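What follows is a set of notes on a single structure, which appears directly below.
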Amino acid sequence: MKEELTRLIQQALDSLVAQGQLPDDIAPQVQIERTRDASHGDLACNIALTLARPTRKNPRELATMICDALPGASLVTRTEIAGPGFINFFLSERSNQAVVRTILEQRDTFGSCNEGRGRKVQVEFVSANPTGPLHVGHGRGAAVGDSLCRLLTATGWDVASEFYYNDAGAQIDNLAQSVRARCKGLGPEDSAWPQDGYRGDYIVELAQAYLRGDKVDAQDQHVLGSGDPDNLEDIRKFAVAYLRREQDLDLQAFAVHFDLYFLESSLYRDGEVEATVQRLVAQGYTYEKDGALWLRTTDFGDDKDRVMRKSDGGYTYFLPDVAYHLNKWRRGFERVINEQGADHHSTVTRVRAGLQALEQGIPKGWPDYVLHQMVTVTRDGQEVKLSKRAGSYVTLRDLVDEVGRDATRYFLAARAPSSQLTFDIDLALSQSNDNPVYYIQYAHARVCSIMRKLVEQGWEWHAKAALQHLDQLVEEQEKALLRRLDHYPEVVASAAINSEPHTVAAYLRELAGDFHAWYNAHKTLVEDQHLRDARLALSEAVRQVIANGLALLGVSAPEAM
RNA sequence: GGGGGUAUAGCUCAGCUGGAUAGAGCACCGGCCUUCUAAGCCGACGGUCGCAGGUUCGAAUCCUGCUACUCCCGCCA
């Protein structure tokens, strides 16, 4: 529809230029936008305002000229010049009602598109170290990242979700040493306790499981605890598998699935870390200083150079990160989105710099990052501190157990990633109408309830027949709903392009609001069959779009509440 | 000191990439259940869009400079 109008306006401008009424050196950018207010019509164009300056004409006068030159179109019932010079288009009711037919035909694909054209995109998210259970911050990453995957799939991308975990490096050594200390009955208060050791209770449980010789079955590894408190390597393997399994359970509770778990250790095993170092050295972007090997990331916009190989011979996290992203590039992902906590934002420049230094033809701004700000958790009005090492902890699983999966996911995905998020456990727990997810789900359940009532009354409803009577939908609340429904595909497309799942949540809140208002103002199950059919079709369309939208957020759409 | 992010109603947040009178939800106040689920609806109240400049037909939105809060600035991840 927008394209159609853009074409009409373009034609009008062309004819005005041809008649010499407008100079031919203007390069108009015709923009059609959806109006915010129904009294401004359905669509509006600001062309007269943007052309006012180059043509040195009064915008309203210009708008009149354009309207007069506009070819007729059956879908437009009238045009109007308003405000400073907007051209408002009022579409026929018929064209507005058509969205119901589209929705009932397309069902769960309504809102989908082929923008991605099957191109490969990878979304990496959560990527928590296997050094403890997932906390709320990881939950935000999981909610946002998973929703992004769903949005990209819906818009035609070939999506791969991935979890990268650092099963190598200093943090894991620290973990193994912490477990060994617990095996020997030591605690943080003992002098032999490792510096910065992990103090959480889960380390104690882990040590006990290891000593008992438990078997651990995680997603991608199976380990038997040897029970030897001196074998650090055994402890390390066991601890990683144990916590990997814990995280599996956390994610399972959250209904988040990954196509691939990528192990940092595999980069070492397959020589990719070493190959990356050699490549960087060969490109001449490295130097030795203080016994360490540095990369001149300042050549690529970093504020200081970074160490890649420490003086003790080990690598910093930065180097495997570069090797990992080279690996991603070679797997053919033309688009990669890394969803991480904003505390990692300093890696963005570094990883991109490392990739540029490799000179492999990787685009400068590759990969994309979505950084979410910190999550704080409050209970009884008090902030609950989250610290793995201190041990006081709100885990994702605890939260899901308490609050429920739907509410947790909705809360964590419903805010712009760039804003800080306070997760108020009491509020989320309250089960009251404070909770916006219930408001949306309730709208869905209400439609289902109407459908059940329909059967109880001995009536029937057939979509095909009902679609013949959409012209019955003339009430103000019905028009508002039709406009809102029509908007949905744009919301999905824009949320996917801009990596902003929270806009879907906001849209659903509005759609549910429109629906509840209509529901209260007009009865659906009326005696008049044509009117009833039309309203049932509209109800069903609303139900479908709510179900589609909630699915994009990973939230369920209950049939009864 | 350098960099990222944020600042919009009493509180929590939207604001469709520069449009028309800045919107929701909570909270508070007043109404609506013999009619499809009141987890709902209707109404009222509530704003110098952090401050100061600038860009233009037009700014919460873009630019510059401040201020406050927050995160990062390691040979940790």
Side-chain angles (χ1 to χ4, degrees), chain A residues 31 33-37 39-40 44 46 48-50 52-53 58-59 82-86 88 127-129 131 165-166 169-172 174 196 264 289-294 303-304 306-312 314-318 320-321 340-349 371-374 376 414-422 424 427 431-439 441-443 445-454 456-457 487 490-491 494-495 498 500 502-503 505-507 509-510 512-513 515-526 535 539 560-561:
Chain A
Q31 296 172 39
E33 15 183 72
R34 191 174 295 279
T35 57
R36 203 173 302 217
D37 189 331
S39 69
H40 296 143
N46 63 354
L49 294 164
T50 55
R53 190 171 184 78
N58 175 310
F86 289 102
N88 293 336
S127 295
N129 291 343
T131 53
Y165 67 98
N166 306 85
Q171 297 287 3
I172 298 298
N174 186 5
D196 290 331
E264 181 189 9
K289 193 180 92 181
D290 304 332
L293 184 64
W294 297 68
D303 56 349
K304 59 175 97 159
R306 305 292 167 177
V307 171
M308 343 192 303
R309 192 175 57 220
K310 299 183 272 185
S311 49
D312 69 4
Y315 294 113
T316 61
Y317 67 89
F318 153 61
D321 272 2
Q340 304 179 339
D343 54 337
H344 288 241
H345 91 264
S346 57
T347 68
V348 175
T349 317
L371 302 177
H372 64 257
Q373 293 294 319
M374 300 292 97
T376 51
R415 300 243 141 70
S418 60
S419 22
Q420 293 174 44
L421 173 60
T422 302
D424 183 338
L427 179 70
Q431 292 278 335
S432 72
N433 47 0
D434 301 350
N435 218 325
V437 66
Y438 293 142
Y439 184 84
Q441 290 181 319
Y442 186 47
R446 264 185 156 172
V447 176
C448 296
S449 172
I450 293 173
M451 291 301 175
R452 286 191 294 269
K453 197 80 180 177
L454 174 82
E456 276 174 36
Q457 304 220 345
H487 195 11
E490 285 173 43
V491 171
S494 141
N498 300 318
E500 292 178 330
H502 72 283
T503 56
Y507 169 85
R509 183 70 185 66
E510 288 163 352
F515 173 77
H516 288 307
W518 174 58
Y519 178 94
N520 277 276
H522 302 288
K523 192 168 166 156
T524 300
L525 298 177
V526 292
R535 288 185 174 167
S539 301
M561 290 176 74

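None of these values were measured; they are calculated from a predicted model. Residue numbers begin at 1 in each chain, while the letters A, B, ... track the order of the sequences.
- For the P atoms, the distance linking B:rA68 with B:rC29 amounts to 38 Å, nearest Å.
- Rounded to whole Å, the P atom of B:rU21 lies 11 Å from the corresponding atom of B:rA60.
- Heavy atoms of A:Ala82 sit under 4.0 angstrom from at least one base atom.
- Base contact: A:Ala44 has a heavy atom under 4.0 Å from a base atom.
- No side-chain heavy atom of A:Ser539 sits under 4.5 Å from any side-chain heavy atom of A:Tyr519.
- Phosphate proximity of B:rA22 to A:Arg36: absent, as no side-chain N or O sits under 4.0 Å from OP1 or OP2.
- Listed pair A:Tyr507 / B:rA24 fails the phosphate criterion, with no side-chain N or O lying under 4.0 Å from OP1 or OP2.
- Of the candidate nucleotides B:rC13, B:rA39, B:rG19, B:rG19 has the atom lying nearest to any side-chain atom of A:Asn46.
- Nucleic acid contact for A:Asp321: none, since no nucleic acid atom lies under 4.0 Å from a heavy atom of the residue.
- For the C1' atom pair drawn from B:rA44 and B:rU56, the interatomic distance equals 38 Å after rounding to whole Å.
- Across all strands shown, A:Asp424 has no heavy atoms under 4.0 Å from either base or sugar-phosphate atoms.
- A:Thr316 contributes no side-chain N or O that forms a donor-acceptor pair with the base of B:rC75 under 3.5 Å.
- Atom NZ of A:Lys289 is separated from atom CH2 of A:Trp294 by 4.5 Å, given to the nearest 0.5 angstrom.
- Side-chain to base pairing of A:Asp303 with B:rG3: no donor and acceptor N or O lie closer than 3.5 Å to each other.
- With distances taken from any side-chain atom of A:Gln373 to the nucleotides B:rC36, B:rC57, B:rG4, the minimum falls on B:rG4.
- You'll find that the side chain of A:Asn498 is closest to B:rU17, out of B:rC16, B:rU17, B:rA38.
- Considering only heavy atoms from C-beta on, A:Gln171 stays 4.5 Å or farther from A:Asn166 through its side chain.
- Only the C1' atoms considered, B:rG3 is 38 Å distant from B:rG46, to the nearest whole Å.
- Distance from the side chain of A:Lys310 is smallest to B:rC76 among B:rC76, B:rG15, B:rA38.
- Between A:Lys304 and the phosphate of B:rG74, there is a side-chain N or O to OP1/OP2 separation shorter than 4.0 Å.
- Closest to the side chain of A:Ser346, out of B:rC36, B:rC72, B:rG19, is B:rC72.
- Rounded to whole Å, the P atom of B:rU8 lies 15 Å from the corresponding atom of B:rU70.
- A:Ser449 comes within 4.0 angstrom of a nucleotide base, judged by non-hydrogen atoms across all strands.
- Applying the ring-ring contact (aromatic ring centres under 6.0 Å, His included) test to A:His40 and every residue at least two apart in sequence or in another chain returns nothing.
- Look at A:Phe86 and the base of B:rA20; the rings stack, centres closer than 5.5 Å and planes less than 30° apart.
- Stacking between A:His40 and B:rA20 is shown: the ring centroid lies under 5.5 Å from the centre of the six-membered base ring, and the planes differ by under 30°.
- Looking at A:Ser311 and A:Asp290, their side chains never come closer than 4.5 Å, going by heavy atoms from C-beta outward.
- Among the protein residues, A:Ala560 comes within range of the nucleic acid bases, having at least one heavy atom under 4.0 Å from a base atom.
- A donor-acceptor contact shorter than 3.5 Å is absent between the side chain of A:Asn174 and the backbone of A:Ala170.
- Nucleic acid contact for A:Ser127: none, since no nucleic acid atom lies under 4.0 Å from a heavy atom of the residue.
- Residues satisfying the side chain to side chain donor-acceptor pair (under 3.5 Å) criterion with A:His502, sequence neighbours excluded, are absent altogether.
- With the nearest nucleotide of RNA chain B identified for both A:Tyr317 and A:Ala506, A:Ala506 has the one nearer the 5' end.
- With B:rC36, B:rA14, B:rC75 as the choices, the nucleotide that has an atom nearest any side-chain atom of A:Tyr519 turns out to be B:rC36.
- The side chain of A:His516 sits closest to B:rC41 out of B:rG25, B:rG15, B:rC41.
- Heavy atoms of A:His522 sit under 4.0 angstrom from at least one base atom.
- Across all strands, A:Thr524 comes closer than 4.0 Å to base atoms (heavy-atom distances).
- Taking the P atom of each, B:rG23 and B:rG47 are spaced 14 Å apart, rounded to whole Å.
- Separation of the C1' atoms belonging to B:rG58 and B:rG50 is 23 Å when rounded to the nearest angstrom.
- Counting distance only, with no hydrogens placed and no angle test, the side-chain atoms of A:Gln171 and the base atoms of B:rC76 include a donor-acceptor pair under 3.5 Å.
- Of the candidate nucleotides B:rG40, B:rG19, B:rG5, B:rG5 has the atom nearest to the side chain of A:Gln420.
- With hydrogens and angles disregarded, no donor-acceptor distance shorter than 3.5 Å links the side chain of A:Thr35 to the backbone of A:Ala44.
- Using modelled atom types, one side-chain atom of A:His516 and one backbone atom of A:Tyr439 make a donor-acceptor pair closer than 3.5 Å.
- Base engagement by A:His345 is indicated by at least one non-hydrogen atom pair under 4.0 Å involving a base atom.
- Among the heavy atoms of the strands lying under 4.0 Å from A:Lys523 is at least one base atom, whether or not backbone atoms are also near.
- Between B:rC49 and B:rA22, the distance separating the two C1' atoms is 8 Å to the nearest Å.
- A:Asn174 contributes no side-chain N or O that forms a donor-acceptor pair with the base of B:rA77 under 3.5 Å.
- Going from atom CZ of A:Arg415 over to atom OG1 of A:Thr422 covers 8.5 Å, rounded to the nearest 0.5 Å.
- Residue side chain A:Tyr438 does not reach the base of B:rA39 through any donor-acceptor N/O pair under 3.5 Å, judged by distance alone.
- At the heavy-atom level, A:Asn88 lies under 4.0 Å from base atoms of the strands shown.
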task = Under 3.5 Å for both distances, Watson-Crick or G-U wobble, that's the pair rule; now give the dot-bracket for RNA chain B, with | marking pairs to another strand and [ ] for crossing ones.
result = (((((((..((((.....[...))))..((((.......))))......(((((..]....))))))))))))....
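- Whole-Å rounding puts the A:His502 NE2 to B:rU17 C1' distance at 12 Å.
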